[in-house]
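Here's the structure, in structure tokens; my notes come after.
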Number of protein chains: 2
Amino acid sequence: MAEHSHDHAASGHDHAHDHGHDHDHTHDHGSAPAKLTRNQTLVFGALSRAGGPLTAYTILDQLRDDGFRAPLQVYRALEKLVEFGMVHRLESLNAFVACSHPQCVDHETMAFAICESCGSVSEFADAAITRQLKGWAGDNGFALAKTTIELRGTCRTCQAAV
Amino acid sequence: MAEHSHDHAASGHDHAHDHGHDHDHTHDHGSAPAKLTRNQTLVFGALSRAGGPLTAYTILDQLRDDGFRAPLQVYRALEKLVEFGMVHRLESLNAFVACSHPQCVDHETMAFAICESCGSVSEFADAAITRQLKGWAGDNGFALAKTTIELRGTCRTCQAAV
DNA sequence: TCAAGGTTGTAATGTTATAACAAGAATTGC
DNA sequence: GCAATTCTTGTTATAACATTACAACCTTGA
């Protein structure tokens, strides 16, 4: 299954406050955005740099220098990014993480393994689980809109570190 | 915030459950308590009566007449009840629900189907999903402590009601 | 040009959860 | 009985997470 590797190369500190909008995003996700707004770009950049989950308020703090002043600026961007399938919300952490999938293969039934020791998150998809959940939904007349699957525990690295 | 009317018959896999004020319950769970404290009894009673998910603050309001004054009285009781396996936390709702299983068969990998229309919750266990998740954990050296599986959608009753 | 619709900024508020500390009650040992 | 210990409880305050409401500002297109 998929592995954890949030390396979206947001290296440079591109602090140019251009009004020229040189966004050449070519993402093509579920609800594909032609291009992101400035705030969406900044929020997604923060999540990509982090390489792991961040809370909305942590993102806010990181974007103070970019002019962010209020939670809503973050929440609004996150709402869109989740909608686009570029970001996932981790319910059990009240946090958000950039999607690990290069081409965003499947956003219906992702699963997340969260290490309670180091905070790392592994995102994976499992066809059998998806099938099983859809099977239950079908059997019970439940119109499935979204699923949340989150595993809590200790990752291999943290276990080895003991 | 909203008070849902909890249709507990939304599932064909429903389990019978006593919704009475069983102040002298005889549950015997993993961390079986001989007997609950007064606050634990009151909180569990509120959840049982509701027959569906309640937030901590809703429980607090319902227990004002019983002398509850502060959130912590509720949260402390909930913490123990979850530990005992008598109550589950629904991460995607920030709410709590009394366990639907008479003898609390399996508390490791329960799944919850939450109707976004009426707020009803169906609790079920699926051996295949459990096996699959444990399989992933094993393959990836992840020491699994707890899993959260929550389905959002529309229950059969609410679909029919359209 | 204007109107419509989307995005933004800001203040205020609402909702969920925990920290810190003091006091009360049950238990044990002397 | 009387500490010492421990667990539960009550209370205040605060932290952490999220939304409402409204005004201003850009776009886009007729």
Side-chain angles (χ1 to χ4, degrees), chain A residues 17-23 25 31-44 46-47 50 53-84 87-97 114 116 119 148 150, chain B residues 1-4 31-44 46-47 53-84 87-97 116 119 148 150:
Chain A
H17 285 217
D18 62 303
H19 294 74
H21 280 97
D22 58 335
H23 306 291
H25 291 277
S31 307
K35 72 187 179 71
L36 299 179
T37 67
R38 168 178 158 83
N39 285 1
Q40 288 161 13
T41 302
L42 287 168
V43 168
F44 187 69
L47 282 173
L54 295 179
T55 69
Y57 279 77
T58 300
I59 295 171
L60 174 58
D61 286 341
Q62 294 189 5
L63 296 180
R64 295 275 181 202
D65 294 344
D66 294 294
F68 274 53
R69 307 286 307 157
L72 211 50
Q73 297 175 281
V74 178
Y75 281 109
R76 287 201 273 230
L78 286 171
E79 182 183 23
K80 291 295 186 184
L81 291 169
V82 168
E83 194 177 288
F84 298 155
V87 165
H88 298 288
R89 178 189 172 93
L90 299 176
E91 300 287 355
S92 67
L93 290 180
N94 291 327
F96 301 83
V97 67
I114 301 166
E116 294 177 325
T148 297
E150 296 178 18
Chain B
M1 166 170 21
E3 278 296 317
H4 306 294
S31 307
K35 137 187 202 315
L36 299 179
T37 67
R38 169 180 158 82
N39 284 2
Q40 289 162 12
T41 303
L42 287 168
V43 168
F44 187 69
L47 282 172
L54 296 178
T55 69
Y57 279 77
T58 301
I59 295 171
L60 175 57
D61 287 340
Q62 293 189 5
L63 296 180
R64 295 275 182 203
D65 294 344
D66 294 294
F68 274 52
R69 307 286 306 156
L72 215 50
Q73 298 175 281
V74 178
Y75 281 108
R76 287 203 273 232
L78 285 171
E79 182 183 24
K80 290 296 184 182
L81 291 168
V82 168
E83 196 176 288
F84 299 155
V87 166
H88 298 288
R89 179 190 171 94
L90 299 176
E91 300 287 354
S92 68
L93 291 180
N94 291 327
F96 300 84
V97 67
E116 292 177 326
T148 297
E150 297 177 17

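By convention in this document, chain letters (A, B, ...) are assigned in the order of the sequence lines, proteins followed by strands, and residues within each chain are numbered from 1. Keep in mind that the numbers below use all heavy atoms, side chains included, and drop hydrogens, waters and symmetry copies.
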Nearest-Å distance, [atom1] ([X]) to [atom2] ([N])?
X       : N      : atom1 : atom2 : answer
A:Phe68 : C:dT7  : CZ    : P     : 14 Å
B:Gln40 : D:dC7  : CD    : P     : 14 Å
B:Arg76 : D:dT11 : CZ    : C1'   : 9 Å
A:Ile59 : D:dC17 : CD1   : P     : 11 Å
A:Phe84 : C:dT7  : CZ    : P     : 8 Å
B:Leu63 : D:dG10 : CG    : C1'   : 15 Å
A:Glu79 : D:dC17 : CD    : C1'   : 15 Å
B:Leu72 : C:dA23 : CG    : C1'   : 15 Å

Short side-chain donor-acceptor distance under 3.5 Å, A:Glu150 and A:Ser92: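 A:Glu150 and A:Ser92 do have a side-chain donor-acceptor pair below 3.5 Å.
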A:Leu36 side chain near A:Leu81 side chain, heavy-atom distance below 4.5 Å: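 Yes, at least one pair of side-chain atoms sits under 4.5 Å.
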Residue pair B:Leu54 / B:Gln62, side-chain heavy-atom distance below 4.5 Å: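 Contact flag for B:Leu54/B:Gln62 side chains = yes.
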Which residue lies more 5' along DNA chain D, comparing B:Asn94 with B:Gln73 via nearest heavy atoms: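 Mapping each residue to its closest nucleotide by heavy atoms, the 5'-most match is B:Gln73.
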Nearest-nucleotide 5' precedence on DNA chain D, B:Asn39 against A:Ala56: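 The 5'-side residue here is B:Asn39.
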What's the closest nucleotide to the side chain of [X] if the choices are [options]?
X       : options                : result
A:Pro71 : D:dA18, C:dG9, C:dA17  : D:dA18
A:Tyr75 : D:dT11, C:dA17, D:dC17 : D:dC17
B:Arg69 : D:dT11, C:dT10, D:dC17 : D:dT11

A:Tyr57 ring over D:dC17 six-membered base ring, under 5.5 Å and 30°: yes
Side chain to side chain donor-acceptor pair (under 3.5 Å) partners for A:Asn94, two or more places apart: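 Scan of A:Asn94 (side chain to side chain donor-acceptor pair (under 3.5 Å), adjacent residues dropped) gives A:Arg89.
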Partner residues of B:Glu79 under the side chain to side chain donor-acceptor pair (under 3.5 Å) criterion, sequence neighbours left out: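 By the side chain to side chain donor-acceptor pair (under 3.5 Å) rule, B:Glu79 matches no residue at all.
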How close do [X] and [Y] get, counting heavy atoms only, and between which atoms?
X       : Y       : answer
B:Phe96 : B:Leu47 : O-CD2, 3.2 Å
B:Leu90 : B:Pro53 : CD1-CB, 3.9 Å
A:Ala46 : A:Ile59 : CB-CG2, 4.3 Å

End axis versus end axis in the helix from C:dT1-D:dA30 to C:dC30-D:dG1, the angle rounded to 10°, five pairs used at each terminus: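 Overall, the helix from C:dT1-D:dA30 to C:dC30-D:dG1 bends by 20° from one end axis to the other.
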DNA chain C: 5'-proximal contact among A:Ala77 and B:Ala95 (nearest heavy atom):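 Result of the comparison: A:Ala77.
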Phosphate contact (D:dG10 OP1 or OP2) by B:Arg38 side-chain N/O below 4.0 Å: no
Short side-chain N/O contact to C:dT8 OP1/OP2 from A:Thr37, under 4.0 Å: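 Yes, within the criterion.
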Touch class at under 4.0 angstrom, heavy-atom based, for B:Ala70 against every strand present: base
